[in-house]
Amino acid sequence: MSGGRVDRSWDCPILHVDMDAFFASVALRDRPDLQHVPAAVGGGHRGVVLSANYAARAHGVRGGMSGVRARRLCPQLVCVPGDHATFSAVSTALREIFRGFTPQVEMASLDEAFLDVRGATRLLGSPLAIAEQIRATVLAEQGITCSAGVAPTVSVAKIASRRAKPDGVLVVPPEDVVDFLHALDVGELYGVGDATATKLRRAGLRTVRQLAHAPVGELRAAVGSGAAHQLQVLAWGRDRSRLHERRGPQEPDRSMGSQRTFARDLTDREEVLREILGLATKVTRRLRAGSVAGRTVALTVRYTDFTTLTRSQTLPEPTDVTQEVYAAAVALHDALVAAAPGGRRGRRAALRLVGVRVEGLVPRTRVHRQRVLGEREHGWSDADRAVDRAAGRFGSGVVGPASLLRLPPTTAPTTASRTAPTAAPTAAPRGRGTTPEGAVGRAGDEFL
DNA sequence: TCTGGGGTCCTAGGACCC
DNA sequence: TCTGGGGTCCTAGGACCC
């Protein structure tokens with residue numbers, strides 16, 4: 001299963017390259033003092049650890065873990081803020097490194113990619129040799145280590161790189177795929193999370209070998225027919241070898257959204273609406289920056305008891321207008337409150353989280369707004385763009401909807417006035433990258 | 001173990017139309 | 001007028017990934 005096997009057996013070698021503890025590695029790159037100290041990115045009051053270095057992992061700290069629990073496991077843990085702009089820049093550089101080896105690159109996230117190296121073996125050597133060259137280049141140019149998996153299919157390559165971590169390579173030649181997979185726990189399959197793994201174990205299927213040989217009817221009863229078919233494909237290593245020519249610059253994201261968990265749960269409608277306006281502002285600003293618009297507005301709320309509900313509404317036409325997204329989100333919010341028996345009194349009424357998402361995105365050039373009779377020549381759309389320009393020049397903390405001003409409670413604006421997307425200087429401009437009062441978001445995130 | 005934020009994809013039911 | 005089937009859109013929720 002290791003070493004450079006004879007390449008003749010490879011129909012189409014897929015490499016999966018995955019950075020080791022990406023966010024932590026990048027954030028700690030310039031902090032040699034923290035190299036061998038348990039350290040993590042993120043982990044605020046109600047936040048979670050984004051990524052932990054291996055010294056912290058030795059204490060059991062993992063990405064996705066609450067900061068409270070991480071510090072309980074490792075009291076000396078050092079938490080540092082992350083900077084999304086830096087992560088993106090490194091990600092772009094990584095993609096260029098990969099493209100230097102093959103044009104067939106599918107970025108799976110910021111820090112990992114699948115590479116089809118079929119055409120590169122003649123020039124660069126075996127898949128293993130190529131993987132080692134890529135790892136050396138990443139280390140030399142970006143100062144971070146990565147791991148690689150080499151296999152005939154996407155999901156097997158993914159599993160292989162995970163098992164090669166940290167700083168290693170694992171090659172699974174075609175003739176070894178079935179043995180390699182069948183020795184695994186079902187939970188290790190790519191695409192099998194906690195929910196599916198639990199269902200499988202309840203059906204008596206613990207290993208991939210058992211899953212592979214399970215009667216189809218039994219499997220369908222456990223997970224449904226669609227998932228049953230997909231699982232057996234994975235269990236025999238017969239998933240795809242073709243890479244998706246992933247979204248190019250011209251193909252937009254399918255949705256954009258933003259959500260916020262509050263430092264304390266909110267009960268006041270005015271406060272909730274202010275949060276919704278902040279989220280709508282943030283999301284539509286990103287829509288406009290990406291030159292896309294969307295037709296469906298979705299609102300997510302999470303109550304104190306963790307009950308999470310989503311409601312969505314599809315508009316007649318795609319929009320990137322802050323006011324329209326805000327209005328739709330408020331309507332969804334109010335419908336939700338009205339629909340709840342007793343108006344959701346009691347503990348459930350307190351909100352822990354609110355999220356706004358715009359779905360069904362299309363390029364803005366494809367949106368032809370039909371001017372409604374009597375619509376003003378220069379409407380909300382122009383106001384949004386004026387705000388965007390000001391934010392671009394002076395920083396996003398400088399301008400925003402008037403209602404996002406922090407005013408003394410006695411002078412708080414009415415609902416009607418607070419919805420106006422007027423560009424107004426904030427009373428106390430927030431510095432870039434600071435976390436606003438009451439926010440939980442990762443340090444380095446901008447509020448708007 | 002008291003549980004973030006950003007996404008994608010799939011399923012399933014109901015409405016509506018042909 | 002009743003019935004059936006198929007296709008598409010919308011909505012809600014779940015699962016998964018990083």
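Only heavy atoms go into these numbers, but all of them, side chains included; no hydrogens, no water, no symmetry mates. A, B, ... follow the sequence lines: proteins, then strands. Residue 1 opens every chain.
Remark: C1' of B:dG5 and CZ of A:Arg352 are 13 Å apart, rounded to the nearest angstrom. Taking atom OH of residue A:Tyr190 and atom P of nucleotide B:dC9, one finds them 12 Å apart after rounding to whole Å.
Evaluation of the ring pair (Phe, Tyr, Trp, His ring centres under 6.0 Å) rule for A:Phe98 yields no partner, not counting sequence neighbours.
Within 4.0 Å (heavy atoms only), A:Leu110 reaches no atom of the nucleic acid at all.
For A:Lys158, the side-chain atoms get nearest to C:dC17 when compared with the rest of C:dC17, B:dG5, C:dT11. Of the candidates C:dT11, B:dG6, C:dC18, C:dC18 carries the atom nearest the A:Ser109 side chain, counting heavy atoms from C-beta on. Comparing C:dC18, B:dC2, C:dG13 by their nearest atom to the side chain of A:Asp111 picks out C:dC18.
Contact annotation: A:Thr196 side-chain N/O to C:dC16 OP1/OP2 distance is under 4.0 Å. A close approach under 4.0 Å does occur between a side-chain nitrogen or oxygen of A:Thr261 and OP1 or OP2 of B:dG5.
Using modelled atom types and a 3.5 Å distance limit, the side chains of A:Ser312 and A:Thr296 yield no donor-acceptor pair.
Comparing the same atom, P, in C:dC18 and in B:dC2 gives a spacing of 24 Å after rounding to whole Å.
The environment of CZ in A:Arg99 is crowded: more than 12 heavy-atom neighbours from other residues, nucleotides or ligands sit within 6.0 Å. Within a 6.0 Å sphere centred on CZ of A:Arg364, heavy atoms belonging to other residues, nucleotides or ligands number 12 at most.
Ring orientation note: the planes of A:Phe114 and A:Tyr190 are tilted relative to one another, at an angle of 30° to 60°.
Closest heavy-atom contact between A:Val223 and A:Ala227: O-CB, 3.6 Å.
Where A:Arg295 and A:Thr308 each meet DNA chain C at their nearest nucleotide, the meeting point lying more 5' is that of A:Arg295.
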Legend entry - Nucleotide-level pairing of DNA chain B, given in dot-bracket where Watson-Crick and G-U pairs need both distances under 3.5 Å and | marks other strands: ....||||||||||||||
